[in-house]
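Proteins get letters first, then strands, A, B, ... in listed order; numbering begins at 1 in each.
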Protein chains: 2
Amino acid sequence: MMESISTEEKIIRAADKIFTQKGYAATRTREIAEEAGTNLALLNYYFGSKEKLFRNVVREKLKMLLSAMGPIASDENIPIDQKIKMISENYTQLLLENEDLPLFILNEWSVNKKLFADLIRETRQHAEPVIEKQLRESGVAISVEDLIVNTLGMIMFPFIAKPMILSSGLVQKDQFAMFVEKRKEKIPEWIKKITVKQEPL
Amino acid sequence: MMESISTEEKIIRAADKIFTQKGYAATRTREIAEEAGTNLALLNYYFGSKEKLFRNVVREKLKMLLSAMGPIASDENIPIDQKIKMISENYTQLLLENEDLPLFILNEWSVNKKLFADLIRETRQHAEPVIEKQLRESGVAISVEDLIVNTLGMIMFPFIAKPMILSSGLVQKDQFAMFVEKRKEKIPEWIKKITVKQEPL
DNA sequence: ATTTGTTTTAATCATTTGTTTAAATCGAGA
DNA sequence: TCTCGATTTAAACAAATGATTAAAACAAAT
């Protein structure tokens with residue numbers, strides 16, 4: 001049974017690929033059409049305009065990025081160090097399969113804050129108060145902001161800075177996946193060390 | 001004595017501003033000309049093409065970014081924890097004055113690896129072996145790769161993810177500078193905690 | 001087989017965009 | 001003042017680009 005995908009779906013996938021790779025401004029609608037194996041007019045027939053197609057793609061990508069964290073972070077029943085572990089695991093896995101996802105999202109966000117303000121309104125997350133409470137109760141020496149920024153930074157930064165890291169020779173190209181796989185395990189330990197209270201002298 | 005800047009300089013500054021803000025693809029040469037208060041043709045008169053002007057800007061920006069780290073990291077006479085302190089200090093200062101520098105560089109790098117391969121060849125850094133040696137001698141429990149990625153990540157990530165951080169309400173807009181100023185002091189402490197050897201049970 | 005609505009194609013449009021050209025203006029030196 | 005090269009302006013060009021149109025092909029229902 002030959003499962004054939006619709007033209008609309010083919011266009012979405014092509015748009016996904018090209019937009020994520022090159023960003024909105026550098027993407028040509030003709031290239032998307034070609035990648036989808038269809039006609040340029042089909043793109044406008046199905047999606048109305050380049051921008052509307054872009055919104056479609058960004059909405060999905062943003063959901064991807066947020067849903068790897070939100071539900072875990074806001075669950076009151078998961079202890080905080082368990083959360084870090086799960087998020088480190090989930091995110092690294094997600095980013096290994098979508099390497100240019102974070103840079104794409106963060107760059108387009110910085111260029112088009114309006115678009116993301118709209119999309120965020122649809123996808124509200126409420127993790128902060130929960131983590132705040134958990135941090136206070138466990139009495140560790142770090143703020144929510146720093147905890148989240150450090151955790152996400154450690155996970156995402158290697159992917160964002162990948163070209164720089166490779167070009168500097170710090171990590172070999174074929175070792176990169178291994179590099180982040182290993183970090184995946186270490187990050188929760190690092191965060192634990194960071195958040196631990198100073199021993200009294 | 002009225003210090004007036006040359007047209008060439010005015011164009012460079014305008015290009016700097018617009019390119020850094022919007023990236024190469026989204027930048028219109030006409031906008032640069034307007035921002036510089038000159039004619040569109042002047043841009044080609046002085047720099048030949050949009051791309052050559054872009055290379056000019058990128059070369060300077062990349063040098064900026066690398067020179068805040070390179071000379072310190074490769075100096076054998078500075079102990080490693082002092083290096084972290086200095087780099088955290090320097091970089092935060094630099095990025096506070098050039099907030100979109102890291103996202104600009106990393107994004108253009110990912111889009112145009114060839115250009116950066118050329119530029120990097122001009123600006124070779126040799127920090128890695130030095131730090132490797134220092135790490136081995138101090139016998140800490142972390143690799144050079146992880147140390148560098150964690151340090152740079154902690155410093156740069158807040159700037160890269162600024163729109164997301166603000167939009168999430170994690171940090172208020174008018175508190176952002178304060179937020180990274182404080183992190184500037186904490187990062188060396190965090191790195192120290194991370195790199196410290198595990199106590200034997 | 002005919003009709004009807006949907007999907008696809010090929011061609012074209014209007015605008016934008018990087019670049020060029022040719023003439024005008026400026027400024028210093030003879 | 002005149003000249004000559006450097007700088008600036010206004011206009012135009014060619015290609016690229018997002019979007020549209022009108023007709024053709026297709027598919028399902030009657």
Side-chain angles (χ1 to χ4, degrees), chain A residues 1-61 104 107-108 111-112 114-115 118, chain B residues 1-61 104 107-108 111-112 114-116 118-119:
Chain A
M1 197 168 67
M2 172 68 182
E3 183 64 22
S4 73
I5 48 181
S6 68
T7 302
E8 194 175 353
E9 182 62 23
K10 276 194 274 183
I11 294 175
I12 276 276
R13 292 191 194 181
D16 185 316
K17 176 175 170 183
I18 311 287
F19 275 137
T20 310
Q21 221 167 71
K22 308 193 165 183
Y24 179 79
T27 294
R28 305 293 101 121
T29 51
R30 280 169 173 80
E31 192 180 351
I32 295 179
E34 191 185 11
E35 172 78 27
T38 69
N39 190 297
L40 168 63
L42 268 303
L43 191 151
N44 292 287
Y45 174 71
Y46 280 112
F47 297 95
S49 72
K50 177 187 180 184
E51 200 186 326
K52 282 179 192 158
L53 179 55
F54 181 68
R55 291 177 78 98
N56 252 289
V57 170
V58 169
R59 183 182 292 111
E60 289 312 307
K61 292 282 162 184
F104 169 69
N107 191 59
E108 297 299 336
V111 167
N112 192 348
K114 183 71 174 48
L115 166 61
D118 293 350
Chain B
M1 194 171 67
M2 169 73 179
E3 182 66 21
S4 72
I5 47 182
S6 69
T7 302
E8 195 176 351
E9 183 62 22
K10 276 194 273 183
I11 293 175
I12 275 277
R13 291 191 193 182
D16 186 316
K17 178 175 170 184
I18 310 287
F19 275 137
T20 310
Q21 224 167 68
K22 308 192 164 185
Y24 179 80
T27 294
R28 304 292 100 123
T29 50
R30 279 169 174 81
E31 192 179 351
I32 295 178
E34 190 185 11
E35 172 78 29
T38 69
N39 189 296
L40 169 63
L42 268 303
L43 191 151
N44 290 287
Y45 175 71
Y46 281 113
F47 297 95
S49 72
K50 177 187 179 185
E51 201 186 324
K52 281 179 193 159
L53 179 54
F54 181 68
R55 292 177 77 100
N56 252 287
V57 170
V58 169
R59 182 181 294 110
E60 288 313 305
K61 292 282 163 182
F104 169 69
N107 192 58
E108 297 299 336
V111 168
N112 193 347
K114 182 70 173 52
L115 166 61
F116 282 82
D118 292 351
L119 293 180

Nucleotide of [options] approaching [X] most closely (side-chain heavy atoms):
| X | options | result |
| --- | --- | --- |
| A:Tyr45 | C:dT6, D:dT9, C:dT9 | C:dT6 |
| B:Arg30 | D:dA19, D:dT8, C:dT17 | C:dT17 |
| B:Ala41 | D:dA19, D:dT9, C:dT19 | D:dT9 |

Give [X] one of three labels, base, sugar-phosphate or nothing, depending on what nucleic acid heavy atoms sit under 4.0 Å from its own.
| X | value |
| --- | --- |
| A:Leu43 | nothing |
| A:Thr38 | nothing |
| A:Ser6 | nothing |
| A:Phe47 | nothing |

Practice prompt. Kindly confirm or rule out a cation-pi arrangement of B:Lys50 over B:Tyr24, judged by NZ or CZ under 6.0 Å from the six-membered ring centre and within 45° of its axis?
Written response: yes
Item to complete: Give a yes or no on whether the ring-centroid distance for A:Phe19 and A:Phe54 is below 6.0 angstrom.
Response: yes
Looking at [N], I'd like to know if its phosphate oxygens (OP1 or OP2) sit under 4.0 Å from a side-chain N or O belonging to [X].
| X | N | result |
| --- | --- | --- |
| A:Thr29 | D:dG18 | yes |
| A:Thr7 | C:dT7 | no |
| B:Asn44 | C:dT19 | yes |

Worksheet item: Is the shortest distance from a Lys or Arg side-chain nitrogen in A:Arg30 or A:Glu34 to a carboxylate oxygen in the other one below 4.0 Å?
Response: no
Item to complete: State plainly whether the residues A:Lys61 and A:Glu108 are in salt-bridge range, i.e. N to O under 4.0 Å.
Response: no
Practice prompt. Write down the distance between CG (A:Leu40) and P (C:dT8), rounded to a whole number of angstrom.
Written response: 14 Å
Item to complete: Could you let me know what C:dT4 is paired to, Watson-Crick or G-U wobble, both distances under 3.5 Å, or none if it's on its own?
Response: D:dA27
Discussion item. Between D:dG18 and A:Arg28, counting only base atoms on the nucleotide and side-chain atoms on the residue, is there a donor-acceptor pair under 3.5 Å?
Written reply: no
